[in-house]
Enquirer: 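If you scroll down you'll find the structure; I have some questions about it.
When a ligand or atom number is given, it counts from 1 through the structure's own listing order.
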Amino acid sequence: MKEKLTPYLKELQADAAAIARQYIPGAEEAQLEQNVYDDPLMEDEHEVVPGLVHKYPNRALVKVSYQCAAHCRFCTRIRQIGSAAGTLTETDIDNIVVYLHNHPQIDDVILSGGDPLYTARLTMQLLVRLRNVANIKVMRIGTRLPLQSPGSFDTPLLQQLLALIDDIGRQKPFYILLHINHPAELTDDALRVIAMLRQHRVTLLSQTVFLKGVNVSFEVMYELFTCLYHAGVMPYYLYHCDAVKGIQHFAGSIDEETEIATRLAAALSGIACPTYVVDVQHGYGKIPVPLNFNGGRDFRGEFSPDHTEC
Ligand SMILES: *Cc1c(COP(=O)(O)O)cnc(C)c1O
Ligand code: SF4
């Protein structure tokens, strides 16, 4: 996966190591890794028609393209991102719509990729088709664009896409899932985009990955989820890094992460606390990790921040 950053990120990463490590390739990428796979989540096997991953009976994931505004070094789809292949054609969209019609047990479609907001025109074409599939009751879009290129939300194209999403939001619940890993990503510009998104008929959720050298810290995670909570974004999932080849230098220890997730659950409002999950290899799906409240440890007073500034 080639290095790719937006001008905005180039500036931001110069002063923030937690941003630089997410985007600047390091020597560790070449290291030998064992027991890892290009596609441990078995997405390719569940790709029932080009671009549509149907792994769970009632939910399906559409990969709109393999294009993003910037390339994250820890991306689960590092095997694909940046490749021109994978951009949905009109025929692909037709086939996806037919498949969804023919599988009425699917009630929830997640647009992913690639970043669906980065390929706004194509995403609009897809959305106008998907909104009319009667069995699809819920729609979602996963994105990192507000954190990679907040300025692009001022363009007429993005405004048009958001107007369409707002209109679909009258019909069915629409979720925007913000992938965010560190409070340094919540700049004033990013927070302005989030505030603007809140003016639309969408529910804002977030997803976060534990990344070694970036955010494996109770204090960092506490600040991240508190700031998201204050911004009107509900933390949804907190992932262990997938067993994907080429990103294992980011993978931490499950025991250490469980400890952090447990302390977060003790310290945060339920509204502000994501579910810690492992997307188990070989396609078992996302499994919540049991927290470590056993052993009678007393969490009271373990962490009482004076004030989180956001
Ligand atoms: C994560 C994921 C979903 C959605 O899972 P939820 O638990 O409903 O958020 C659907 N399909 C695939 C392939 C996924 O990886
Ligand atoms: S924006 Fe998302 S899909 Fe694109 S490289 Fe980053 S993590 Fe991967």
Enquirer: Which residues and atoms, protein N, O or S only, are under 2.8 Å from atom 6 (Fe) of ligand 2?
Expert: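 Those protein N, O or S atoms (cut-off: under 2.8 Å from atom 6 (Fe) of ligand 2) are C72 SG.
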Enquirer: Side-chain contact test, heavy atoms from C-beta onward, threshold under 4.5 Å: evaluate it for Y23 versus H71 and give yes or no.
Expert: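 They are not in side-chain contact.
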Enquirer: How would you list all residue pairs meeting disulfide bond (SG atoms under 2.5 Å apart) that involve residues 185-220, not counting sequence neighbours?
Expert: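 Residue pairs passing disulfide bond (SG atoms under 2.5 Å apart), neighbours aside: none found.
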Enquirer: With under 30° as parallel and over 60° as perpendicular, where do the rings of F218 and Y222 fit, or are they tilted in between?
Expert: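 It falls in the tilted class, 30° to 60°.
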Enquirer: Just the distances, no angles: every ligand 1 N or O to protein N or O pair closer than 3.5 Å, one line each.
Expert:
| unit_1 | atom_1 | unit_2 | atom_2 | d |
| --- | --- | --- | --- | --- |
| ligand 1 | 5 (O) | R59 | NH1 | 3.3 |
| ligand 1 | 7 (O) | R59 | NH1 | 3.1 |
| ligand 1 | 7 (O) | Y237 | OH | 2.6 |
| ligand 1 | 8 (O) | R59 | NH1 | 2.6 |
| ligand 1 | 8 (O) | R140 | NH2 | 2.7 |
| ligand 1 | 9 (O) | R140 | NH1 | 2.8 |
| ligand 1 | 9 (O) | Y236 | OH | 2.6 |
| ligand 1 | 15 (O) | K286 | NZ | 3.0 |

Enquirer: Given the side-chain rings of Y99 and H54, with only the six-membered ring counted for Trp, is the space between their centroids under 6.0 Å?
Expert: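 Ring centroids of Y99 and H54 are less than 6.0 Å from each other.
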Enquirer: Testing D38, D242, D44 one by one against R79 for a salt bridge (Lys or Arg N to Asp or Glu O under 4.0 Å), which residue passes?
Expert: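 Only one option passes, and that is D44.
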Enquirer: So does R73 get a backbone contact from the side chain of E29, meaning a donor-acceptor N/O pair under 3.5 Å?
Expert: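 Side chain of E29 to backbone of R73, a donor-acceptor pair under 3.5 Å: no, none is there.
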Enquirer: Using residues 228-239 as the side-chain source, report each donor-acceptor pair under 3.5 Å to any protein atom, sequence neighbours left out, with the distance given to one decimal.
Expert:
| unit_1 | atom_1 | unit_2 | atom_2 | d |
| --- | --- | --- | --- | --- |
| H230 | ND1 | C310 | O | 2.9 |
| Y239 | OH | Q207 | OE1 | 2.8 |

Enquirer: Tell me, with the steps shown, if V289 and H240 meet side-chain contact (heavy atoms from CB on, under 4.5 Å).
Expert: CA-CA 10 Å; V289 179; H240 177 67; over 6 Å; no
Enquirer: Quick one: do the Y276 and E257 side chains pair a donor with an acceptor below 3.5 Å?
Expert: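 Result is yes, a qualifying pair exists.
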